[in-house]
Amino acid sequence: MPRVSQHHLEARRRQILDGAARCFARNGFHATSMADVLGETGLSAGAVYRYFRGKEELIEAIVTEVLEALRTTFETAARQAPPPPPDVLIGQVMTEVLTERSGLSYDGEESLPRLMIQVWTETLRNEDLAAVMRAGFLKVREAWVRVVLAYQRAGLMRDDVPAEHVARTMIAAAQGFAAQQALFGAVPVAVLQDGLRALMSMDGQRAS
């Protein structure tokens with residue numbers, strides 16, 4: 001019997017994760033069974049269980065992958081000297097995550113935000129998933145802190161505010177926008193960018 005190539009293994013794992021993510025985003029974690037995942041992927045139980053022992057492992061793998069994609073995106077930005085301004089940078093990241101350029105092929109702009117809401121809710125009852133989220137968020141936050149420090153070193157941002165405080169606020173803007181996408185319908189990322197530019201334009205003086 002010929003050996004299965006690494007490319008085949010990775011493609012099959014990708015197929016399973018994509019199918020599971022679509023199910024979770026559409027119906028939630030608790031309303032989705034492994035039978036639903038099998039039906040979505042078109043694979044046999046043996047093929048799926050070769051990679052994941054159950055639904056919990058699938059959820060953790062998807063969460064880890066999304067957080068890693070976010071971390072990598074911001075670490076790349078932090079290596080620029082200086083990074084793009086916050087409105088441009090957050091817009092680029094949200095565009096990359098909400099479309100499929102990040103490699104997360106979860107059916108475009110509506111599926112991933114819905115999946116994110118499902119994950120946040122699940123962490124309130126699943127301590128193992130909450131631990132995965134905390135570890136992933138720490139890595140993402142560290143990447144954003146490096147971006148803020150780069151702004152401060154370049155003289156583009158005041159340096160009397162802790163970089164972590166700024167990073168948390170930037171993360172909150174991205175998370176809030178994703179939540180609005182999931183709950184109230186898709187809007188262009190340009191809306192977020194316009195709002196950030198307006199906030200960044202304030203200099204403490206009353207507008208005339």
Side-chain angles (χ1 to χ4, degrees), residues 4-30 32-34 36-38 40-43 47-79 89-90 92-144 146-147 167 170-171 174-179 181-182 186 189:
V4 178
S5 69
Q6 186 62 32
H7 175 75
H8 175 83
L9 294 174
E10 291 174 357
R12 182 56 55 85
R13 186 176 187 274
R14 171 84 273 136
Q15 181 181 356
I16 297 167
L17 287 175
D18 288 352
R22 288 192 295 270
C23 288
F24 294 148
R26 188 165 57 236
N27 300 318
F29 294 129
H30 297 292
T32 297
S33 66
M34 285 302 290
D36 294 327
V37 174
L38 297 179
E40 185 75 23
T41 61
L43 299 174
V48 172
Y49 285 111
R50 176 180 182 180
Y51 295 86
F52 302 99
R53 288 179 294 181
K55 194 164 62 172
E56 299 296 324
E57 282 195 2
L58 277 168
I59 296 169
E60 290 185 12
I62 291 168
V63 170
T64 300
E65 185 175 65
V66 171
L67 290 171
E68 182 64 17
L70 288 171
R71 181 190 65 80
T72 300
T73 299
F74 275 88
E75 285 190 342
T76 299
R79 289 194 289 269
L89 177 57
I90 294 177
Q92 288 176 348
V93 171
M94 294 307 296
T95 298
E96 185 168 338
V97 170
L98 293 175
T99 60
E100 297 178 9
R101 286 198 293 276
S102 63
L104 307 174
S105 48
Y106 299 152
D107 279 0
E109 296 189 4
E110 294 184 4
S111 186
L112 185 58
R114 286 174 57 86
L115 181 63
M116 291 168 66
I117 293 290
Q118 298 287 350
V119 169
W120 295 339
T121 303
E122 184 68 9
T123 58
L124 299 178
R125 60 163 296 278
N126 184 329
E127 181 54 38
D128 290 339
L129 182 60
V132 171
M133 280 287 290
R134 285 193 293 269
F137 175 76
L138 179 60
K139 293 179 180 179
V140 171
R141 192 182 70 201
E142 289 173 347
W144 289 57
R146 285 192 285 274
V147 172
M170 294 171 69
I171 293 171
Q175 289 177 324
F177 184 75
Q181 293 269 18
V189 172

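Only heavy atoms go into these numbers, but all of them, side chains included; no hydrogens, no water, no symmetry mates. Quick caveat, the model's predicted, so the values are computed rather than measured.
- Side-chain atoms of V63 and M133, non-hydrogen and from C-beta on, do get closer than 4.5 Å to each other.
- Proximity of a side-chain donor or acceptor of D36 to a complementary backbone N or O of S33 within less than 3.5 Å is detected.
- In this structure, L17 and Y51 have side chains that are not in contact, with every pair of non-hydrogen atoms separated by 4.5 Å or more.
- Between F52 and V37 the shortest side-chain heavy-atom distance does not fall below 4.5 Å.
- R53 CZ: 12 or fewer foreign heavy atoms inside a 6.0 Å radius.
- Formation of a donor-acceptor pair under 3.5 Å by the T123 side chain with backbone atoms of W120 is found in this model.
- In this structure, P113 and A178 approach most closely via the heavy-atom pair CB-O, 3.3 Å.
- Separation of atoms CG (D18) and CD1 (I62) is listed at 8.5 Å; rounding is to 0.5 Å.
- Inter-residue side-chain proximity for F29 and E122 is flagged as met; some heavy-atom pair is nearer than 4.5 Å.
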Check the pair R14 / E65 against side-chain contact (heavy atoms from CB on, under 4.5 Å), numbers first and verdict last.
CA-CA 11 Å; R14 171 84 273 136; E65 185 175 65; 2.7 Å; yes
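- For the pair Q15/R12, a side-chain contact is recorded, criterion being any heavy-atom separation below 4.5 Å from C-beta on.
- The side chain to side chain contact (heavy atoms under 4.5 Å, CB included) test with V93 is passed by exactly one of I90, T95, L89: L89.
- A salt bridge is absent between K55 and E60; no separation between the charged side-chain nitrogens and carboxylate oxygens falls under 4.0 Å.
- L115 has its side chain out of reach of R22: every pair of non-hydrogen atoms, C-beta onward, lies at least 4.5 Å apart.
- Residues L9 and R50 are in side-chain contact: their nearest non-hydrogen atoms beyond the backbone lie under 4.5 Å apart.
- L58 places a side-chain heavy atom less than 4.5 Å from the side chain of M34.
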